[in-house]
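Here's the structure we're looking at; comments come further down.
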Amino acid sequence: VQLQASGGGLVQPGGSLRLSCVASRSISTGHTVGWYRQAPGKERELVAIFTRDGNTNYADSVKGRFTISRDIRARTLYLQMNRLEPADTAVYYCYRQIGSVADWGQGTQVTVSS
């Protein structure tokens, strides 16, 4: 499965970005799909995810600021990021899992800086 992420960039604190991830296969209910991020020198961490039963989970640090959504027909996953903070600076990866098979996108850099 190919996952193509885009939408990253440089933004000032308080700004917004929307990330997109186009999948080559389905991202419908029944799949776990979401976003992770990895900052320099840190481990990869969960940002937001759709569980396989369609519920959403968010990292505490992004609750109320980030929103995950998806267009199942277009096989596209989104992450709307508002009120960005320098601590959000990282490479963001999209993720898809069904059963024991997991796939990662190539990552898109998000830099929050004035």
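Residues: numbered from 1 along the sequence shown.
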Among residues at least two apart in sequence or on other chains, which ones pass side chain to side chain donor-acceptor pair (under 3.5 Å) with Ser26? Ser28

My understanding is that only residues two or more places apart in sequence, or in another chain, count here; which of them pass side chain to side chain contact (heavy atoms under 4.5 Å, CB included) with Asp103? Val1, Leu3, Arg96, Val101

Can you give each donor-acceptor pair under 3.5 Å made by side-chain atoms of residues 4-15, sequence neighbours left out, with the distance rounded to 0.1 Å?
none

About how many Å separate CG of Leu84 and OG of Ser113, when rounded to the nearest 0.5 Å? 12.0 Å

Residue set satisfying salt bridge (charged side-chain N to carboxylate O under 4.0 Å, His left out) with Arg37, at least two apart, ordered chain then number -> Glu45, Asp88

Just to verify, what does Asp53 make a salt bridge (charged side-chain N to carboxylate O under 4.0 Å, His left out) with, not counting sequence neighbours? none

In terms of heavy-atom contacts, Ser16 and Asn82 come closest through OG-OD1, 3.0 Å

Contact list for residues 90-114, test ring-ring contact (aromatic ring centres under 6.0 Å, His included), sequence neighbours left out: Tyr36-Tyr95, Tyr36-Trp104, Tyr95-Trp104

Not counting sequence neighbours, which residues clear side chain to side chain contact (heavy atoms under 4.5 Å, CB included) with Ala39? List them please. Lys42, Ala90

Any salt bridge (charged side-chain N to carboxylate O under 4.0 Å, His left out) involving residues 66-87? Give me the pairs, sequence neighbours left out, ordered by first then second residue. Arg65-Glu85

Does Arg52, at its CZ atom, have more than 12 non-hydrogen atoms belonging to other residues, nucleotides or ligands within less than 6.0 Å? no

Consider only side-chain heavy atoms of I, L, V, M, F, W and Y, link residues closer than 4.5 Å, and tell whether Ile49 and Met81 are in one cluster. no

Taken in chain and number order and not counting sequence neighbours, the residues that satisfy side chain to side chain donor-acceptor pair (under 3.5 Å) with Thr67 are none

Just to verify, what does Gln2 make a side chain to side chain donor-acceptor pair (under 3.5 Å) with, not counting sequence neighbours? none

Please report the shortest heavy-atom distance between Val62 and Val47, naming the atom on each side. CG2-O, 3.6 Å

Do the side chain of Gln97 and the main chain of Gly99 share a donor and acceptor less than 3.5 angstrom apart? yes

Report whether Val112 and Tyr58 are members of the same hydrophobic cluster (ILVMFWY, side-chain heavy atoms less than 4.5 Å apart, transitive linking). yes

Could you state the interatomic distance from OG1 (Thr76) to CG (Leu19), rounded to the nearest 0.5 Å? 13.0 Å

When rounded to the nearest 0.5 Å, the distance separating CD1 of Ile68 from CH2 of Trp35 is 8.0 Å

Could you name each residue pair satisfying disulfide bond (SG atoms under 2.5 Å apart) that touches residues 55-114, not counting sequence neighbours? Cys21-Cys94

Using 0.5 Å steps for rounding, measure from the CD1 atom of Ile72 to the CD1 atom of Ile27. 6.5 Å

Sequence neighbours left out, what passes side chain to side chain contact (heavy atoms under 4.5 Å, CB included) with Ser69? Give chain and number order. Tyr78

